[in-house]
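It should be emphasised that the depicted structure is a prediction, and the values quoted were computed from it without experimental measurement.
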Amino acid sequence: MTASKASDALHLQTLTELARGLAGGEFSSRELTESLLERIDAHQKSLNAFITLTADEALAEADLADKNRATGAGGPLQGLPIVHKDLFCTAGVRTTCGSKILQDFVSPYDATVVARLKSAGAIMLGKTNMDEFAMGSSNETSFFGAVTNPWDQKMSPGGSSGGSAAAVAARLVPAATGTDTGGSIRQPAALTGTVGLKPTYGRVSRFGMVAFASSLDQAGVITRSAEDAALLLNAMAGVDPRDSTSADQPIPDYTATLSDSVKGLRIGVVRQHFDEGLDDECGKTVKTALAALEDAGASLVDVDLPNIGLSVPTYYVVAPAECSSNLSRFDGVRFGHRADNVKDLFDLYCRSRGEGFGAEVKRRIMTGTYVLSAGYYDAYYLKAQKVRQLISRDFNQAFEKVDVIAGPTAPTTAFRLGEKTDDPITMYLNDIYTIGANLAGLPGISVPCGLVKKMPVGLQLVGPAFAEASLLSCAHQYQQITDWHRQAPEAFR
Amino acid sequence: MHKTACIITAAKFVGYLVRLEIPDRPVSLTKEQVQHIAILARLQLEDDEFEDVVSKLSKIVDFVDQLQAAPTENVVPMAHPLNMSLRLRADDITEADNRDRYQENAPSVESGYYLVPRVIE
Amino acid sequence: MSRWEVVIGLEIHTQLATNSKIFSGSSTAYGAEPNAQASLVDLGYPGVLPVLNVEVVRMAAMFGLAVNATVAKRSIFARKNYFYPDLPKGYQISQYELPIVVGGELFIRDDAGDEKRIRITRAHLEEDAGKSVHDEFEGSTGVDLNRAGTPLLEIVSEPDLRSAKEAVAYMRKIHSIVRYLEISDGNMQEGSFRCDANVSVRQVGQVELGTRAEVKNLNSFRFVEKAINFEIARQIDVIEDGGVVVQETRLYDSDKDETRSMRSKEEANDYRYFPDPDLLPVEIEDSFVEEVRRSLPELPHVKCARFIAEYALKEADAEILTVSRALADFYEEVAKTTAGDSRIAANWIIGDLSALLNRDNIDIQDSPITPIALAGLLDRITDDTISGKIAKEVFDGMSTGEGSADEIIAAKGLQQITDVSALDAIVAAIIDANPAQVADYRAGKEKLLGFFVGQVMKETGGKANPGQVNQLIKQKLS
């Protein structure tokens with residue numbers, strides 16, 4: 001049902017299929033790159049998925065990839081086009097983080113993720129739009145304007161990796177990198193009918209990924225299939241001497257275990273995930289997906305995460321605290337926006353930052369500054385760290401009984417652009433099912449599992465630390481018996 | 001008014017919370033506090049922006065205040081998800097002088113120095 | 001007796017002598033072109049991350065062991081948040097709640113000359129900030145981040161010091177220890193070793209501490225003493241005039257010899273410390289600590305005790321000679337090489353050699369007279385080839401590169417006249433030439449012996465052996 005169809009137009013093929021096509025000489029990397037650049041060009045205006053395009057560099061790299069292929073040289077991703085979230089530093093190509101403050105910033109170096117994918121042979125077509133500094137769940141906080149959801153362009157694609165998700169969903173590119181601090185890969189993947197993988201904290205290097213909340217950030221991918229996510233994770237994963245928080249753990253070949261059956265797999269269903277707050281239709285869709293896995297031989301086990309309800313408030317102490325400090329470096333001295341005609345140093349700082357940051361980023365910096373300030377540290381920051389421990393403990397206990405935890409990725413399908421911008425709390429609650437994995441540092445994946453009113457719904461799988469292989473094989477097996485991931489939005493087929 | 005609404009929204013979403021208590025004391029921030037935080041964070045807020053920040057920041061602080069209800073006696077704070085010790089590097093010089101390249105992003109440099117308005121000490 | 005008691009605690013910042021910075025691979029060498037040694041990590045570029053240098057951990061552990069402290073099995077890096085142009089990330093990575101070295105002690109001499117124990121609260125690792133240049137640009141301050149990220153060990157004492165002199169004695173001791181351990185060059189001109197002093201006064205007998213002022217950035221022993229003394233006098237004045245001492249940070253102005261308030265920097269000081277999420281806990285195994293312990297050199301107080309025992313030195317001399325490892329090594333090489341008295345060797349080093357080095361501002365390592373050469377000179381005194389007085393002349397020649405002691409003695413014919421007949425003739429001539437003094441001497445004015453000896457020494461150009469001359473004169477006049 002999902003076998004490679006070489007007859008498919010190039011833009012409809014998955015990364016794995018394209019790799020096969022390139023290897024088999026069915027088309028060249030230049031042909032592929034040109035055709036995708038054409039599509040991007042046609043849709044950029046309405047989707048706004050990109051902040052920067054690198055067409056010329058991409059074509060040059062494609063030619064090089066074609067030459068390499070002829071001589072048998074090159075890595076596993078040789079000549080395959082991908083795009084990077086604009087939070088990853090790319091040498092010589094501007095990196096804006098969706099912010100005015102870095103509007104003209106050109107990184108002198110490549111992020112480790114970028115370098116690794118490049119050395120595996122991948123070609124970068126451009127940098128995708130995102131919520132400013134990854135702070136947002138709708139892509140509306142970007143200085144470069146909101147991204148639209150290819151399924152319904154009045155809707156948000158989710159965020160913060162909204163540009164990556166929209167580009168993959170609209171079949172502009174087969175795969176994109178993303179970052180996930182509280183759900184920023186999984187939630188937009190769910191809202192756009194794509195696959196979003198957030199690996200275990202430390203699985204992938206954070207070097208060169210501009211920090212939002214250092215103890216929560218993790219790099220991952222948005223693709224159209226679990227198989228493609230496995231292929232990319234193979235290239236990205238591993239310890240990095242420049243990131244002290246990257247884990248020195250063995251890296252399995254994630255593509256090798258995709259065919260593992262789900263027979264006997266114990267899938268935990270969190271009671272709390274289906275309580276009030278979850279849209280009924282979405283809930284039903286997710287339950288249907290769980291039933292399909294059960295039919296395929298997995299067993300469903302009820303599990304409890306008693307403290308998970310505190311994950312959002314915990315997150316909104318920890319993440320802003322870390323962000324308030326991480327974003328202090330944007331002070332208008334060594335790089336980034338500097339205000340004109342400043343009176344003195346204080347004025348330089350306040351106005352450069354005041355003009356450079358958008359409203360949501362300022363709110364988070366302010367929240368973080370407040371919870372760390374004298375007299376409030378214990379009540380907020382320390383307290384949140386303790387609750388974080390409780391949440392992490394809940395997950396550990398659940399994983400004594402089950403192999404993966406499954407449930408909805410987001411409480412609803414995509415919401416209207418502008419609908420939630422007035423109330424930060426409502427916006428924050430979009431990540432209610434995804435934040436737990438970040439707090440506990442666990443891997444999570446969202447896979448498309450149905451449509452409600454023609455809008456995609458995501459099924460989230462969360463596993464124990466470094467169990468990406470089980471998540472990917474479970475997701476892949478699900479995609480062997482369903483074809484939700486093959487469904488493209490009408491306007492982008 | 002909207003503050004109550006916000007708490008109810010939160011409560012609805014976290015309805016399964018064991019001990020959710022809507023704080024009876026107002027924890028909302030005063031304008032003076034917000035001003036102080038803005039100074040600490042070196043953020044200039046325009047007048048119209050300021051009102052919005054006061055109200056939204058208050059909502060956020062009220063929202064996260066529900067953490068106070070969680071029982072955390074004897075719980076060790078979790079600062080980091082990775083349970084490992086720090087990896088160290090050898091004491092080797094690995095960086096060369098790339099000043100000119102690094103300073104291409106700088107708004108104001110002279111004779112190799114980054115310039116800021118005169119600081120009086 | 002003053003009715004005021006002074007209470008001082010010091011925070012000493014010592015740069016660790018690593019090749020590369022604490023969290024990056026940039027060189028720590030002093031004196032490079034501005035920002036030539038500022039890497040992306042040092043500049044706080046977006047996306048970069050700190051990676052800890054193993055050498056700073058080893059050096060901190062060495063210091064901990066040297067002052068009898070505990071090397072923490074687990075320590076945590078925290079962020080200290082504030083904005084300043086020389087602080088690129090907007091926070092300094094430091095250690096706050098769990099420092100790498102906890103507790104400790106060392107002994108100094110108090111003002112009465114008695115041994116006194118000073119407790120060390122803690123020592124923690126942190127990164128240094130960059131430097132601001134205020135007077136080179138019109139209306140602007142220039143920022144050089146070469147120093148940013150240089151490793152610092154901040155050593156915090158308990159408020160056990162009771163005078164500026166004690167504070168200096170303590171600081172000298174720490175200086176001596178870090179240089180012995182070779183964990184810092186201790187160069188105060190270059191800012192490698194500097195301190196902040198917390199100073200307060202209270203009435204004698206009062207239990208609680210007075211309000212303290214923190215005097216910042218003292219970078220010489222002399223300034224430490226002067227700044228503290230100024231601060232003590234100022235605080236006493238304030239209180240005696242009915243005022244209250246304010247807790248604040250003050251800066252010492254060495255030109256005016258005064259401290260003044262830095263209220264501007266104090267404004268809204270809230271550092272918002274929290275554990276740095278980019279760095280995991282530093283965990284140190286016992287085996288590492290043991291390895292460090294085995295690598296420790298002989299420490300100043302141990303060496304001092306050994307010098308007293310082994311070389312029969314006076315305690316005061318042994319203390320001076322063991323202030324630096326280089327000086328102690330120099331002394332020991334001389335003492336071991338010379339056939340003469342190790343105490344005389346000590347006198348020469350503490351006296352003439354130190355004076356020479358001080359005058360020309362030379363380090364002992366670069367002394368123009370090597371230990372072997374100095375021993376060669378001392379040997380000529382011991383075997384009576386030259387007198388102590390002539391030795392000084394030879395020493396001067398050696399210091400200006402005229403050659404070894406033997407070469408200079410030979411070239412200038414400085415050997416003592418040991419030929420008795422030659423001396424005899426000179427002594428006889430002197431006696432003949434001074435009949436009045438001879439008469440007085442014989443009448444009981446024995447002090448005049450010195451006069452005769454002096455005359456003979458003058459006649460021989462100092463080359464006679466004073467002992468021998470003494471004897472000869474006595475014989476002839478008896």
Residue C/Val41 versus chain B: region with a heavy atom under 4.5 Å: neither
Top contributor to chain B contacts, counting heavy-atom pairs under 4.5 Å, from C/Gly90, C/Gly142, C/Gly130: C/Gly142
Winner by heavy-atom pair count (cut-off under 4.5 Å) against chain C, out of B/Leu86, B/Asn98, B/Asp91: B/Asp91
Which portion of C/Arg272 sits near chain B, non-hydrogen atoms under 4.5 angstrom: side chain
Structural part of C/Ala36 lying under 4.5 Å from a heavy atom of chain B: both
Ring geometry between C/Phe23 and C/Phe77 (parallel below 30°, tilted from 30 to 60°, perpendicular above 60°): perpendicular
Donor-acceptor pair between C/Glu55 and C/Thr18 side chains, under 3.5 angstrom: no
Side chain, backbone, both or neither of C/Val56 within contact of chain B (heavy atoms, under 4.5 Å): neither
Interface moiety of C/Ile22 toward chain B, non-hydrogen atoms closer than 4.5 Å: backbone
Nearest-0.5 Å distance, CZ of residue C/Arg58 to OG of residue C/Ser295: 5.5 Å
Contacting region of B/Ser108 [heavy-atom separation from chain C under 4.5 Å]: neither
Top of C/Asp144, C/Val57, C/Ile76 for chain B proximity - count of heavy-atom pairs under 4.5 angstrom: C/Asp144
C/Gln15 and C/Asp128: side chain donor to acceptor below 3.5 Å: yes
Engaged part of C/Leu43 at the chain B interface, taking heavy atoms whose separation is under 4.5 Å: side chain
Under 4.5 Å from a heavy atom of chain B, the part of C/Pro281 involved: both
CD/C/Glu33: more than 12 non-hydrogen atoms of other groups inside 6.0 Å: no
Parallel, tilted or perpendicular: rings of C/Phe137 and B/Tyr113 (30°, 60°): perpendicular
Pick from B/Arg99, B/Met84, B/Arg89 with the largest number of heavy-atom pairs that fall under 4.5 Å of chain C: B/Arg89
Pair C/Glu11-C/His13, side-chain donor/acceptor within less than 3.5 Å: no
Within the 6.0 Å centroid threshold, strictly below: C/Phe223 and C/Tyr252: yes
